[in-house]
Undergrad: 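Below is one structure. I have some questions about it.
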Amino acid sequence: MKKTVERTIKKAFFALAKNEGWTLQMAGGQVGVTVPKDESHGDFSCNLAMILAANTKTKPRVIAEKLSRQLAGNGLFSSVSVAGPGFINMTVHPDHWAAALDQIFTAGEDFGRISVGHGEKVMVEFVSANPTGPLHIGHGRGAVVGDTLARILSWAGYDVHSEYYINDVGLQMDNLGQSTLARCRELLGQPAGELPYKGDYIIDIARQFLEANGERIMEAPLEESLAKARKFSADKILDGIRSDLEEFRVGFDEWFSEATLHDSGEVEKTINQLQRKGHIREEDGALWLKTGSAGDEKDRVVRRANGVTTYLAADLAYHKSKIDRKYSMLVNVWGADHHGYVPRMKAAVSALGHDPEKLIVRLVQLVSLKRGGQTVAMSTREGVFTTLREILDEVGVDATRYFFLMRSSDSQLEFDVELAKRHSSDNPVYYIQYAHARCCNIFVTAKETGVKRIPFDQVDKSLLTGGDELRLIRKLLMLPDVVDACARSCQPHPVTGYLTEVAAFFHYFYKHNRVVTDDEPLTHARLALVEATMMVIRNGLEILGIDAPRKM
RNA sequence: GCGCCCGUAGCUCAGCUGGAUAGAGCAUCGGACUUCUAAUCCGGGGGUCGCAGGUUCGAAUCCUGCCGGGCGCACCA
């Protein structure tokens with residue numbers, strides 16, 4: 001509908017432009033149609049006249065009057081008026097609103113999908129946590145933000161591929177193997193030795209390690225036992241991560257192992273390529289990527305003097321792989337503590353010959369838990385961390401996803417465990433799900449009452465004239481705009497707020513109107529509205545990866 | 001010291017590519033269940049949008065400087 005209004009205004013604008021000497025450039029290149037906060041200002045509002053006035057030195061209200069008269073002649077609106085300093089307020093005729101419900105029925109489970117992405121290939125990389133321990137709630141937030149972002153971009157018409165980059169190489173892996181061996185010795189009653197990772201989960205892994213390899217593995221040369229312990233532990237932990245994410249409905253198209261980049265020689269190849277192109281210099285025997293001249297604080301080492309490559313080197317090869325695989329838009333979801341890494345990565349992508357603007361890093365801020373009126377900040381260092389598994393078991397998937405998604409990822413999140421667990425309307429998740437269940441139930445009632453369903457085009461939509469009905473319809477038709485805004489900003493949270501509004505408008509409508517009555521035409525019209533609501537909520541929840549129950 | 005994020009109702013946060021009287025949820029107070037699920041609805045109170053300047057027809061929104069909180073500033077990943 002918004003698009004229709006925009007087109008209509010453009011038409012009116014050009015009809016006058018010849019005589020008035022206006023150009024679209026004078027208007028800022030576009031007609032900015034917005035939905036006013038205040039319903040009394042109409043369905044849509046436009047500040048075109050004010051922008052135009054500034055560039056033509058005319059009074060805004062004069063321009064607004066002219067445009068307004070032109071627009072009023074269009075059958076789309078029931079009223080057009082000039083208000084305030086020069087806003088043009090438009091109210092769309094109720095019949096057009098009701099008829100627009102057809103868009104929802106026609107698109108069905110695809111209503112909300114748009115094509116702004118034009119099939120562009122986009123890679124969304126997220127979680128990518130080291131396989132050195134179970135995922136905690138911070139990872140959980142990143143996981144659900146990344147997963148939902150992938151869903152949103154797909155709904156927006158992008159060709160989306162999601163990936164988990166497994167850092168299965170390096171010092172952390174050695175530490176992990178060492179920790180497992182230490183726990184093994186402990187289990188065998190020997191002095192444990194160094195224990196870099198102190199979490200209890202290593203004890204289980206150690207036990208399984210001994211079972212799988214026999215106690216004699218501990219007498220093997222350290223090099224051998226460590227290599228085995230490293231691999232064994234990482235695999236076990238990765239299995240755990242996989243099943244946690246699966247339960248959390250977070251899926252990946254691919255799990256990409258860093259080790260494969262080293263084994264295939266891609267890391268070396270990437271360094272060589274960058275060296276040839278002059279992006280690398282040598283100092284103190286080490287190789288430095290010249291990121292300092294491309295926005296980073298300073299240049300960064302990719303290969304140490306001892307010949308060992310750094311983490312950045314592997315990440316370069318990884319991003320080269322993304323580019324080689326023809327992904328043009330690269331979305332990375334990172335914990336906010338990695339923000340210092342952003343300029344470096346942008347510079348790196350640029351050195352690889354890709355537009356750094358096409359690397360979008362979405363930083364996700366910390367999560368703290370609130371329970372019993374007390375907030376506990378997450379701290380891996382102090383070992384005060386709640387695992388994703390714990391919160392899933394306690395709160396459930398739907399509420400956990402919703403709570404992780406309801407705030408801008410730029411803001412730190414306080415997760416109110418007690419509120420999330422509450423099965424009542426206080427809890428926004430159930431508030432939305434309940435609205436969906438109510439819709440479904442109305443159809444059960446209709447069927448029991450013997451109401452026959454008729455095709456939408458035979459329904460008399462003009463009967464939907466109530467303020468609360470039109471308000472709901474207007475809201476329902478906004479889903480595509482919400483998807484658009486989310487895709488543009490790479491932020492999923494507006495969807496949660498939108499669905500809360502849809503649910504609120506529906507609950508209000510439900511309370512004040514009876515759907516199934518003796519008035520058959522009106523019953524059919526309202527059933528159509530209920531069905532449209534059901535579809536919008538279901539599609540919205542689908543985007544968020546949250547169930548839409550038929551019954552509660 | 002430098003950089004990034006945040007500072008909006010008692011609490012948690014939307015709104016920030018500038019728009020008309022600043023919103024939601026929780027909490028709080030008061031109402032509504034012979035009627036399609038009360039997991040619902042209706043209503044009230046609650047604000048110098050951190051502070052101070054600037055940009056303009058118009059600033060919570062943009063710019064500058066402060067103040068406060070978080071997080072970073074490795075040849076770790």
Side-chain angles (χ1 to χ4, degrees), chain A residues 32 34 36-38 40-41 45 47 50-51 53-54 59-60 83-87 89 128-130 132 167 169-173 175 258 283-288 297-298 300-306 308-315 335-343 363 365-366 368 370 373 375 377 406-416 418-419 422-435 437-446 448-449 488-489 493-494 496-497 500-501 503-504 506-517 523 526-527 530 551-552:
Chain A
T34 55
K37 288 180 270 190
D38 190 334
S40 69
H41 292 142
S45 176
N47 65 352
M50 277 132 76
I51 310 261
K59 286 203 163 66
F87 291 104
N89 293 336
S128 299
N130 295 341
T132 55
N167 301 131
V169 175
L171 192 67
Q172 313 276 6
M173 287 295 100
N175 288 339
E258 179 187 346
E283 185 185 317
D284 302 333
L287 296 182
W288 301 67
E297 291 169 4
K298 55 175 208 164
R300 306 289 173 176
V301 170
V302 290
R303 189 165 68 202
R304 305 176 182 100
N306 64 10
V308 178
T309 53
T310 62
Y311 173 79
L312 177 62
D315 222 4
D337 52 343
H338 290 78
H339 67 256
Y341 201 73
V342 176
L363 297 170
Q365 293 285 339
L366 298 181
S368 56
K370 180 180 173 189
T375 58
M406 70 181 180
R407 310 262 101 115
S408 158
S409 54
D410 286 335
S411 288
Q412 297 188 9
L413 175 78
E414 189 171 298
F415 192 110
D416 188 334
E418 270 132 39
L419 178 62
R422 226 179 292 168
H423 284 221
S424 78
S425 62
D426 300 341
N427 187 335
V429 198
Y430 299 117
Y431 183 81
I432 295 165
Q433 290 184 323
Y434 185 58
R438 262 189 163 167
C439 290
C440 296
N441 198 59
I442 292 172
F443 284 100
V444 173
T445 306
E448 284 168 2
T449 320
R488 245 174 246 287
S489 61
H493 75 274
T496 61
T500 306
E501 288 167 357
F506 171 72
H507 284 311
Y508 184 94
F509 159 78
Y510 174 91
K511 198 69 189 179
H512 297 268
N513 303 276
R514 205 176 151 87
V515 176
V516 182
T517 62
T523 298
R526 286 187 172 157
L527 278 175
V530 171
K551 234 178 162 172
M552 286 173 80

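Reminder, nothing fancy here: chain letters follow the sequence lines and each chain counts from 1.
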Undergrad: Kindly indicate, with the supporting measurements, whether the criterion side-chain contact (heavy atoms from CB on, under 4.5 Å) is fulfilled by A:Leu413 and A:Leu366.
TA: CA-CA 6 Å; A:Leu413 175 78; A:Leu366 298 181; over 6 Å; no

Undergrad: Examine distances only and state if a side-chain atom of A:Asn513 and a backbone atom of A:Phe509 form a donor-acceptor pair shorter than 3.5 Å.
TA: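 Yes; at least one donor-acceptor contact below 3.5 Å.
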
Undergrad: Mind checking A:Ala446 for me? I need base, sugar-phosphate or nothing, with any heavy atom below 4.0 Å counting as a touch.
TA: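 A:Ala446: no heavy atom of the nucleic acid under 4.0 Å.
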
Undergrad: Using the side-chain heavy atoms of A:Asp284, tell me which of these nucleotides is nearest: B:C75, B:G15, B:G70.
TA: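 Looking only at side-chain atoms, A:Asp284 lies closest to B:C75.
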
Undergrad: Looking only at N and O atoms, is any donor in the side chain of A:Ser45 or the base of B:A20 less than 3.5 Å from an acceptor on the other one?
TA: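 By the distance-only test, yes, there is a pair.
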
Undergrad: Can you see if the side chain of A:Arg438 gets near the phosphate of B:A38 - specifically, an N or O under 4.0 Å from OP1 or OP2?
TA: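 Result: yes.
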
Undergrad: With respect to the side chain of A:His512, which nucleotide from B:C42, B:A77, B:C36 is positioned closest?
TA: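 Nearest to the side-chain atoms of A:His512, counting from C-beta on, is B:C42.
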
Undergrad: Kindly state whether the pair A:Phe87 / B:A20 counts as stacked, where counting means centroids closer than 5.5 Å and planes tilted less than 30° apart.
TA: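 Aromatic stack with B:A20 present for A:Phe87.
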
Undergrad: Got a donor-acceptor pair under 3.5 Å from the side chain of A:Asn89 to the base of B:A20?
TA: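 Such a pair is found, so the answer is yes.
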
Undergrad: From the set B:C26, B:C75, B:C73, return the single nucleotide nearest to any side-chain atom of A:Glu297.
TA: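 Output: B:C73.
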
Undergrad: When you get a sec, tell me which of B:A77, B:C4, B:U12 is the closest nucleotide to the side chain of A:Gln172?
TA: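 Looking only at heavy atoms from C-beta outward on A:Gln172, the closest nucleotide is B:A77.
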
Undergrad: Below 4.0 angstrom from OP1 or OP2 of B:C75, is there any side-chain N or O of A:Lys298?
TA: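 Answer is yes, contact under 4.0 Å.
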
Undergrad: Any idea which of B:G72, B:A20, B:A39 is nearest the A:Asp337 side chain?
TA: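 Nearest listed nucleotide: B:G72.
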
Undergrad: Any non-hydrogen side-chain atom of A:Tyr434 less than 4.5 Å from a side-chain atom of A:Phe506?
TA: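 No, too far: nothing below the 4.5 Å cut-off.
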
Undergrad: To the side chain of A:Tyr311, which of B:C11, B:A77, B:C71 is closest?
TA: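 Closest nucleotide among those given: B:A77.
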
Undergrad: What nucleotide, of B:A77, B:A14, B:A20, holds the atom closest to the side chain of A:His41?
TA: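 Looking only at heavy atoms from C-beta outward on A:His41, the closest nucleotide is B:A20.
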
Undergrad: Think A:Thr500 has a side-chain N or O under 4.0 angstrom from the OP1 or OP2 of B:G25?
TA: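 A:Thr500 to B:G25 OP1/OP2: no side-chain N or O under 4.0 Å.
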
Undergrad: Can you identify which nucleotide, out of B:G19, B:A38, B:C6, has its nearest atom closest to the A:Met50 side chain?
TA: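 Taking heavy atoms from C-beta onward, the closest nucleotide is B:G19.
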
Undergrad: What integer number of Å spans the C1' atoms of B:C42 and B:C33?
TA: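 It works out to 14 Å between them.
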
Undergrad: Taking atom types as they are modelled, is there a donor-acceptor pair under 3.5 Å from the base of B:G19 to the side chain of A:Asn47?
TA: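 Such a pair is found, so the answer is yes.
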
Undergrad: Would you mind calling B:C49 syn or anti? Take O4'-C1'-N9-C4 for purines or O4'-C1'-N1-C2 for pyrimidines, and syn is within 90° of 0.
TA: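 In terms of base orientation relative to the sugar, B:C49 is anti.
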
Undergrad: Does B:A27 have OP1 or OP2 sitting under 4.0 Å from an N or O in the side chain of A:Arg422?
TA: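 Yes, within the criterion.
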
Undergrad: Could you tell me how far B:C63 sits from B:U55 if I compare only their P atoms? Round to whole Å.
TA: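 15 Å, rounded to whole Å.
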
Undergrad: Taking only the side-chain nitrogens and oxygens of A:Lys37, find out if one of them lies under 4.0 Å from OP1 or OP2 of B:G15.
TA: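 Answer is no, no contact under 4.0 Å.
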
Undergrad: Is there a donor-acceptor contact under 3.5 Å linking the side chains of A:Asn130 and A:Thr132?
TA: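 Side chains of A:Asn130 and A:Thr132: no pair found under 3.5 Å.
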
Undergrad: Using the P atom in both, what is the distance from B:G3 to B:G10, to the nearest Å?
TA: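 One P to the other, the span is 33 Å.
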
Undergrad: Go through B:C36, B:C26, B:U21 for me and flag the one nearest to the A:Arg514 side chain.
TA: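 Of B:C36, B:C26, B:U21, B:C36 is nearest to the side chain of A:Arg514.
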
Undergrad: Give me the distance, rounded to whole Å, that separates B:C4 from B:G47 when you measure between the P atoms they each carry.
TA: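 B:C4 and B:G47 have their P atoms separated by 34 Å.
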
Undergrad: Verify the stacking flag for A:His423 against B:A39: centroid separation must be under 5.5 angstrom and the ring planes must differ by under 30 degrees.
TA: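 Not stacked by the 5.5 Å and 30° rule.
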
Undergrad: What's the CD-P distance between A:Gln365 and B:U12, to the nearest Å?
TA: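 After rounding, the gap between these two atoms is 16 Å.
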
Undergrad: Write down the atom of A:Trp288, the atom of A:Glu283, and the distance for their closest heavy-atom approach.
TA: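 So the minimum-distance heavy-atom pair works out to NE1-O, 3.2 Å.
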
Undergrad: Please determine whether a side-chain nitrogen or oxygen atom of A:Tyr510 lies at a distance below 4.0 Å from atom OP1 or OP2 of B:U35.
TA: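 Negative; the distance criterion is not met.
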
Undergrad: For the base of B:G72, is there a side-chain donor-acceptor partner from A:His338 under 3.5 Å away?
TA: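 When only heavy-atom distances are counted, A:His338 does not reach the base of B:G72 through any donor-acceptor pair under 3.5 Å.
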
Undergrad: Should A:Phe415 and A:Lys370 count as side-chain neighbours, where that means a heavy-atom distance under 4.5 Å?
TA: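 A:Phe415 does not reach A:Lys370 side chain to side chain.
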
Undergrad: Using modelled atom types and a 3.5 Å cut-off, is there a donor and acceptor pairing between side-chain atoms of A:His339 and backbone atoms of A:Ala336?
TA: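 A pair under 3.5 Å: yes.
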
Undergrad: With C1' as the reference atom in both, quote the distance from B:G25 to B:G46 in angstrom, rounded to an integer.
TA: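 Per the computed distance, 15 Å lies between those C1' atoms.
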
Undergrad: Can you tell me if the side-chain N/O atoms of A:His507 get under 4.0 Å from OP1 or OP2 in B:C42?
TA: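 No, A:His507 has no side-chain N/O under 4.0 Å of OP1/OP2 on B:C42.
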
Undergrad: Looking only at the side chain of A:Glu414 (C-beta and beyond, no hydrogens), which of the listed nucleotides B:A74, B:C4, B:C13 gets closest?
TA: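 Of all the options, the side chain of A:Glu414 is nearest to B:C13.
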
